[in-house]
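Reviewing the structure listed below.
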Amino acid sequence: MTFMSVSAQRCFQGVQHVVSHPSEQTGCEMRVSVYLPDASQGVSIPVVYWLSGLTCTEENFTVKAGAQRVASELGIAVVAPDTSPRGVRFAGDAESYDFGLGAGFYVDATQAPWRENYRMYSYVVDELPAFIAQAFPAVDTRRAAIMGHSMGGHGALTIALKNPDSYRSVSAFAPIVAPSQVPWGQKALAGYLGDDPTAWAQYDACSLVLSRGWTGPEILVDQGSQDNFLEKQLKPELWIAACKAAGVPLQFRLQEGHDHSYFFIASFIEDHLRFHAKALKA
């Protein structure tokens, strides 16, 4: 698997990389942010995957979240891929912010024309770890955790619940926990997967936790009390109820005064990285 270095900058005690590689799953070049601490020299280090939200690229988290200082201290690699294929274009794929370009929703699409390229689920679960293991051999992809924000929080939760042997811990910021029941999710799932509700359930965190459970450590979720998407799109009360019904331990924190922005993420990213470090180094 070949790749190209887009950039590499010294950052705290490590290097912030951005790389590009051809993807079989998406059929185009994909960009990935990789923070590699100096602790990786001569030893294998665990990895935390970050999945971003609607409209984002690999850049948003990298430049706004402020994760590098803590990742450097903890000796953890942080990998943040793009949210959707950008090397292929379809008619109407940029007409709205919540479907198409920048809105891959971490599913494997089954509907034309998306099904050939919009395969972000398989990209994140299978292809990305294989790429990281080859391109950055110091990273031990067998010791992995996953987290994300909004659409990426949806991706992190659903991917972890469906692949419990691949991730030792999972957390999320303001995740879309019940996409089958909210406008963002209904639009994306219908467009990518069609009208079959059983197909939607395979990418719905509330449905998955009820059907599959979770055997890992407690799931950490932070939600801002002033998030303007809280009541219509996020509905965390559905997630709290589903985890309770499934007997899954959940640490849900309603953060007073915080909204949906990266200022919210930057305020609590250290907590999340330390949460994952505990699981990864146990």
Side-chain angles (χ1 to χ4, degrees), residues 1-8 17-34 49-64 78-136 141 146 148-159 162-163 166 176 179-180 183-196 199-200 202-204:
M1 188 180 293
T2 61
F3 73 96
M4 179 181 70
S5 175
V6 176
S7 62
H17 299 270
V18 176
V19 296
S20 173
H21 75 97
S23 166
E24 291 185 5
Q25 291 293 341
T26 66
C28 65
E29 289 284 321
M30 294 294 293
R31 280 199 178 196
V32 185
S33 163
V34 181
Y49 296 98
W50 169 270
L51 304 183
S52 290
L54 289 166
T55 75
C56 291
T57 69
E58 81 291 338
E59 183 179 38
N60 296 76
F61 175 80
T62 305
V63 302
K64 294 180 179 180
V78 180
V79 173
D82 200 349
T83 58
S84 63
R86 294 180 195 272
V88 291
R89 299 300 303 271
F90 301 110
D93 64 359
E95 289 182 356
S96 61
Y97 77 96
D98 55 357
F99 185 78
L101 199 65
F105 254 83
Y106 305 101
V107 304
D108 282 350
T110 60
Q111 302 299 299
W114 316 100
R115 63 190 175 203
E116 297 299 324
N117 305 97
Y118 275 63
R119 298 182 51 80
M120 289 303 297
Y121 174 83
S122 289
Y123 175 76
V124 171
V125 172
D126 299 320
E127 190 171 18
L128 181 59
F131 167 69
I132 294 298
Q134 183 186 65
F136 298 92
T141 55
I146 191 165
H149 171 231
S150 194
M151 178 185 74
H154 141 79
L157 291 173
T158 56
I159 285 171
K162 293 170 75 170
N163 301 275
S166 298
I176 305 170
S180 300
W184 273 344
Q186 290 166 345
K187 180 178 181 177
L189 297 180
Y192 294 133
L193 305 175
D195 296 327
D196 181 2
W200 292 18
Q202 295 304 307
Y203 296 102
D204 186 298

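Owing to the predicted nature of the structure, the values given are computational and were not obtained by experimental measurement. For this chain, numbers begin at 1 and follow the sequence in order.
With W200 contributing its side chain and D195 its backbone, the two residues share no donor-acceptor pair below 3.5 Å. A donor-acceptor pair under 3.5 Å links the side-chain atoms of D108 to the main chain of S122, judged by distance alone. Of the possible donor and acceptor atoms, none in the side chain of Q25 sits under 3.5 Å from a partner among the backbone N and O of E127.
By the 4.5 Å heavy-atom criterion applied to side chains, E58 and V32 are not counted as neighbours. Side-chain contact between M151 and Y106 is present, with heavy atoms from C-beta onward closer than 4.5 Å. Counting only heavy atoms from C-beta outward, the side chains of I159 and L51 approach each other to under 4.5 Å. Contact of the V125 side chain with the Y49 side chain is not registered, since no non-hydrogen atoms from C-beta on lie closer than 4.5 Å. Taking the side chain as every heavy atom from C-beta outward, Y118 and V107 never approach each other to under 4.5 Å. Taking 4.5 Å as the limit, some side-chain heavy atom of Y121 sits within range of a side-chain heavy atom of K162. Under the 4.5 Å side-chain criterion, counting only non-hydrogen atoms from C-beta, T57 is not in contact with R31. The side-chain heavy atoms of P22 and T2, taken from C-beta on, include a pair separated by under 4.5 Å.
When all heavy atoms are compared, the tightest approach of S52 to F61 is OG-CB, 4.0 Å. S33 approaches T62 most closely through the heavy-atom pair OG-OG1, 2.8 Å. A pairwise comparison of heavy atoms in T26 and M120 identifies CG2-SD, 4.2 Å as the closest pair. For H154 against Y203, the heavy-atom pair with the smallest separation is CE1-O, 3.0 Å. In plain terms, the two heavy atoms of F105 and A188 that are nearest each other are CD1-CB, 3.4 Å.
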Solution key, residues 78-91 side-chain donor-acceptor pairs under 3.5 Å, sequence neighbours excluded:
residue	atom	partner	partner atom	Å
D82	OD1	R86	NE	3.1
D82	OD1	R86	NH2	3.0
D82	OD2	R86	NE	2.5
T83	OG1	C56	O	2.7
T83	OG1	R86	NH2	3.4
S84	OG	G102	N	2.8
R86	NH2	C56	O	2.7
R89	NE	D93	OD1	3.3
R89	NE	D93	OD2	2.8
R89	NH2	D93	OD1	2.9

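The number of heavy-atom neighbours closer than 6.0 Å to CD of Q186, taken from other residues, nucleotides and ligands shown, is above 12. The number of heavy-atom neighbours closer than 6.0 Å to CD of Q111, taken from other residues, nucleotides and ligands shown, is above 12.
Side-chain N/O atoms of S180 and D204 include a donor and acceptor closer than 3.5 Å.
To the nearest 0.5 angstrom, L54 atom CG is 6.5 Å from Y97 atom OH.
A centroid separation of 6.0 Å or more is found between the aromatic rings of H21 and F136.
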